[in-house]
Each structure stands twice: as structure tokens, then as C-alpha cells.
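Encoded as C-alpha cells, the structure appears first; notes follow it.
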Amino acid sequence: MPNGCSISEALDRNWPGYYYQPRLGAAYPHMKDFLVAAASQFGIAAPVAQALGVMEEEGPNNNWLTLGTTAESHFQSWWTTSNVTGVTYSTGQKYPSTSDLESINSLNAAGGIYWLRDAYTSPPCISGDYTAWEKLATYASLYNGICGDCDTLGCPDNTAYGVSTVLLAYGAAYTSVSSTGYQGAQYCDLPNTSTLVPLGGGCGPSGTVTAPSESATLKLRTSPYGRNANNRQIVICIATDEDYVSGLTVNYKLDKTGDTQTVVTRDITFAAQSTRDSDIVVIACGTPAADDLAASGITAASSFSSWTAGQFINCGKATGTESYTCTYNNAIAATAAGY
């Protein structure tokens, strides 16, 4: 991971006009989808996941979240444990290679947010009664690898990188954030006005960070932001770690053939609402996800060939491997049909 971001670097990299607007190219809306979807899987506030994508942004297909070797190996180990597909990857291993994690955007997003999840679950800097935004700033600092001595240096939050991440995610509303966890598919945009917020003390540099004087706009989306050239997309709904890896494996294979990667989400509400969009095909990978969508009152189709808008494709099979195979085959069929 990076060894730290100075205040000037934080200011230069992440303010208005740069926050994943469609004019920057198709990869940016897709990356917002991948980050929000990864946040749903790992229980992380979606605005913070997107803000990290901006703080780290190394561009499409170029290790966007700047994963280092430690982060990559942790994610590969988790992938191996959760992999029930039976698929081996470009190196013949049970997990994607480091170059795949760096170049396939949906995998890169998942690896980065998994690394952030490690900070969430065992943060060395959070030992007191801190606010949600202070905790979020600490987690971001830990992601960036610049807060390792917080127990002695008096964190939780005071690094330019950590505070900038929270300000980018929430704008002036950062002090009213109530939870560090996932609260739905919140997509955020930053207003264009700004003021100065003091940054001082604790671990990391002190000084000031430019921050918005207005709250960021958080839109709770009901279908993907990124679309293919036909304005269509595929959503793979999952409810277990194993099925999440299966969905990402579909993306691995799609990327290798030059096709658009899917949105793999654990957000049942988002997946259910996506079925209302006739330009979206929703596939439930695994029985738990299929059961959840059926409980939402959505009709199941057995395959893409029998699917119609408003339904989901049921790939809840007897085993994880069978669920993966069903999901992959139907994703390929939907892709061939222009989704």
C-alpha cells in the first residue's frame, strides 16, 4: 500500500469535477458500481468505498486501488478459502494472479474493499469512544498504511489522507455520519463550493485540508450506474462469500474475452429493484440469494432463454459449483444478447 499522502497531494487529487463523472469515460461509472457492490459484500459504508477509489485512483485497468503485495496475498487467501467454482485461473491457481487483481477493475475493487474490511474488523487505533466519522478516517488511514503506531501516537483520525477520504465521501455532513457500516447503495457526488477545515494532532501531518462547505449528495440508486454500449447491464445477486467469489469469477472470464463485467452485489434490495429496469438482467447465484429475491415477490426464470423483464434468473442449485456454472452460462447468454 502507499506509504502516505501529503496534504497537498490530498488536495490535488480528489476535489469537484473529478468524482467519477460519465464524461471521464465508461470505466468510471462502472467502477462506482464495483466499489458500491464490494461495500455491500464486506459491510462497509458505500460512500467511503467510492472516496477511496478517488484517493487511490490509478486509472482503469491499472491497479485502481493501488493494491500492494500484502493486500493482494490476503485477498488471494480469502478467495481460495471461498472458492467453490472448481475454476483455476491464469496461473493454474485457485485464485487470480496479482496482475489480474490489478488489471480487472471489479476484482481490484473487491480486493481493495476487502483490505479496508480488515481495518474495520480489527482496528489497532480504535480503543475509545470515537464518533463514526473519526473511525472512518482511521480506517482510511489504515488502508493507506500510515497509521500503524496509533496506539502510541494518539489517533484515531488525524491524517490528511484519512480526513480527506471522509470529507470526500460526505462533504460538510461528515460530523452527522451515524454508522461505519453499509447503509444501502449510496452513490455520492461532491458539491462545488468549499471551505477550510482544520487538521491537527495525532499521527500523521497537521495543517488544513480543503473541504466542502456543503454536504455531499448521496443518491440511493435502484439499478447500476454503469452500462454497456447498449445501455444494459447484468447484476449477479449473492448472499454468501462463496457465491461472491463465483460472481467475481464470472467477471474474470468476461474480462478475458473483452466483455463488460457484471455488478456482483450482496444488497438484496438493490438487486430486487434492478429487476424493475428492463435493461438489467438479474441472476441469483446460490440458493440463499434466490430465496431472498423470491421472498421479495419477484418471479424466477429458470434460464435467460425463458427470462423476461421483471424476473430474475434462478441459479440456486444444489452445490456452489453448480450455482456458479449456471450463473456463468446465463451471464454468457445475456451478454451474447446485448446485456
Side-chain angles (χ1 to χ4, degrees), residues 30 33-34 36-43 75 78-89 94-96 104 106-107 109-111 113-114 182 185 223-224 226 232-257 259-275 277 280-296 298-307 310-337 339:
H30 281 297
D33 287 335
F34 298 150
V36 172
S40 76
Q41 158 65 17
F42 294 117
F75 187 56
W78 177 84
W79 186 297
T80 298
T81 300
S82 304
N83 183 9
V84 297
T85 64
V87 172
T88 55
Y89 301 87
K94 292 185 178 180
Y95 54 80
I104 301 176
S106 64
L107 274 60
I113 303 309
Y114 176 80
Y182 184 77
S223 62
R232 293 173 170 178
Q233 179 58 296
I234 300 169
V235 170
I236 297 176
C237 179
I238 56 88
T240 70
D241 290 356
E242 291 77 12
D243 293 330
Y244 183 62
V245 167
S246 293
L248 291 180
T249 299
V250 172
N251 283 356
Y252 170 91
K253 289 197 167 187
L254 289 171
D255 182 81
K256 294 300 183 183
T257 55
D259 292 314
T260 301
Q261 297 163 54
T262 73
V263 178
V264 186
T265 181
R266 199 162 182 154
D267 187 334
I268 296 298
T269 299
F270 179 82
Q273 292 173 329
S274 292
T275 64
D277 189 330
I280 306 297
V281 173
V282 176
I283 305 172
C285 179
T287 299
D291 288 346
D292 286 341
L293 286 177
S296 299
I298 303 168
T299 302
S302 60
S303 66
F304 178 73
S305 61
S306 62
W307 171 86
Q311 298 178 332
F312 75 94
I313 300 172
N314 185 349
C315 282
K317 302 299 181 182
T319 69
T321 301
E322 291 171 344
S323 294
Y324 158 73
T325 301
C326 173
T327 302
Y328 173 70
N329 289 339
N330 280 284
I332 290 297
T335 298
Y339 287 91

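Positions are given from 1 along the sequence.
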Validation row: P224, I280 side chains within 4.5 angstrom (heavy atoms)
yes
Given the rule in the ring pair (Phe, Tyr, Trp, His ring centres under 6.0 Å) test, do Y89 and Y252 qualify, once you have shown the distances and angles that lead to the verdict?
CA-CA 9 Å; Y89 301 87; Y252 170 91; 5.0 Å; yes
T299: side-chain contact (heavy atoms from CB on, under 4.5 Å) partners, not counting sequence neighbours:
Q311
Do T260 and T335 have side chains that get closer than 4.5 Å, going by heavy atoms?
no
Establish, from distance only, whether the side-chain atoms of T80 and N83 form a donor-acceptor pair under 3.5 Å.
no
Mind checking what makes ring pair (Phe, Tyr, Trp, His ring centres under 6.0 Å) contact with Y328, not counting sequence neighbours?
none
Going by the salt bridge (Lys or Arg N to Asp or Glu O under 4.0 Å) test, which pairs reach into residues 263-272, not counting sequence neighbours?
D241-R266
For residues T265 and S40, report the shortest heavy-atom separation together with the two atoms involved.
OG1-OG, 3.2 Å
Return the set of residues passing side-chain contact (heavy atoms from CB on, under 4.5 Å) with N251 (not counting sequence neighbours), or none when no residue passes.
S106, L107, L248, L254, Q261, T262, V264
Side-chain contact test, heavy atoms from C-beta onward, threshold under 4.5 Å: evaluate it for V36 versus Y182 and give yes or no.
yes
Test item: D33 side-chain N/O and V263 main-chain N/O as donor-acceptor pair under 3.5 Å
no
Would you sort out whether Q41 and I238 count as a side-chain contact (heavy atoms from CB on, under 4.5 Å), showing the intermediate values?
CA-CA 9 Å; Q41 158 65 17; I238 56 88; 3.5 Å; yes
Going through the checks in order, is the side chain to side chain donor-acceptor pair (under 3.5 Å) test met by T249 and T85?
CA-CA 8 Å; T249 299; T85 64; 4.5 Å; no
Which residues share a side-chain contact (heavy atoms from CB on, under 4.5 Å) with T287, sequence neighbours left out
D291
Can you name the nearest heavy-atom pair linking A185 to F270, along with the distance?
CB-CD1, 3.7 Å
Report yes if some heavy atom in the side chain of W79 is under 4.5 Å from a heavy atom in the side chain of P96; otherwise report no.
yes
To the nearest 0.5 Å, how far apart are CD1 in I104 and CZ in F34?
10.5 Å
Indicate yes or no: at least one non-hydrogen side-chain atom of N314 is less than 4.5 angstrom from one of S302.
no
Y114: partners by ring pair (Phe, Tyr, Trp, His ring centres under 6.0 Å), with sequence neighbours left out:
F42, F75, W78
Suppose we screen for disulfide bond (SG atoms under 2.5 Å apart). Which residues come up paired with C237, at least two apart in sequence or across chains?
none
Identify the heavy atoms of A271 and V282 that sit nearest to each other, and give their distance.
O-CG2, 3.7 Å
With K253 via salt bridge (charged side-chain N to carboxylate O under 4.0 Å, His left out) - residues at least two apart:
none
Expected output: side-chain R232 to main-chain V281 donor-acceptor under 3.5 Å
no
Quick one: pull up CD1 in I332 and OG1 in T257 and give me the separation to the nearest 0.5 Å.
5.5 Å
Using only heavy-atom distances, determine whether the side chains of S305 and S303 contain a donor-acceptor pair under 3.5 Å.
yes
Report yes if the SG atoms of C285 and C326 are separated by under 2.5 Å, and no otherwise.
no
Quick one: are T327 and I236 in side-chain contact, heavy atoms under 4.5 Å?
yes
Identify, with sequence neighbours excluded, every residue that meets side-chain hydrogen bond (donor to acceptor under 3.5 Å, both in side chains) alongside Y244.
none
Is there a side chain to side chain donor-acceptor pair (under 3.5 Å) between T240 and D243 once you walk through the steps?
CA-CA 5 Å; T240 70; D243 293 330; 3.1 Å; yes
Contact summary for S223 and S274, nearest pair of heavy atoms:
CA-OG, 3.4 Å
Without swapping roles, check the side chain of S323 against the backbone of C315 for a donor-acceptor pair under 3.5 Å.
yes
Would you sort out whether Y324 and V250 count as a side-chain contact (heavy atoms from CB on, under 4.5 Å), showing the intermediate values?
CA-CA 8 Å; Y324 158 73; V250 172; 4.0 Å; yes
With sequence neighbours excluded, what pairs up with D255 under the salt bridge (charged side-chain N to carboxylate O under 4.0 Å, His left out) test?
none
Which residues pass the side-chain contact (heavy atoms from CB on, under 4.5 Å) test with A284, not counting sequence neighbours?
A289, A290, L293, F312
Once side-chain hydrogen bond (donor to acceptor under 3.5 Å, both in side chains) is applied, do any residues pair with W307, and if so which ones, sequence neighbours excluded?
none
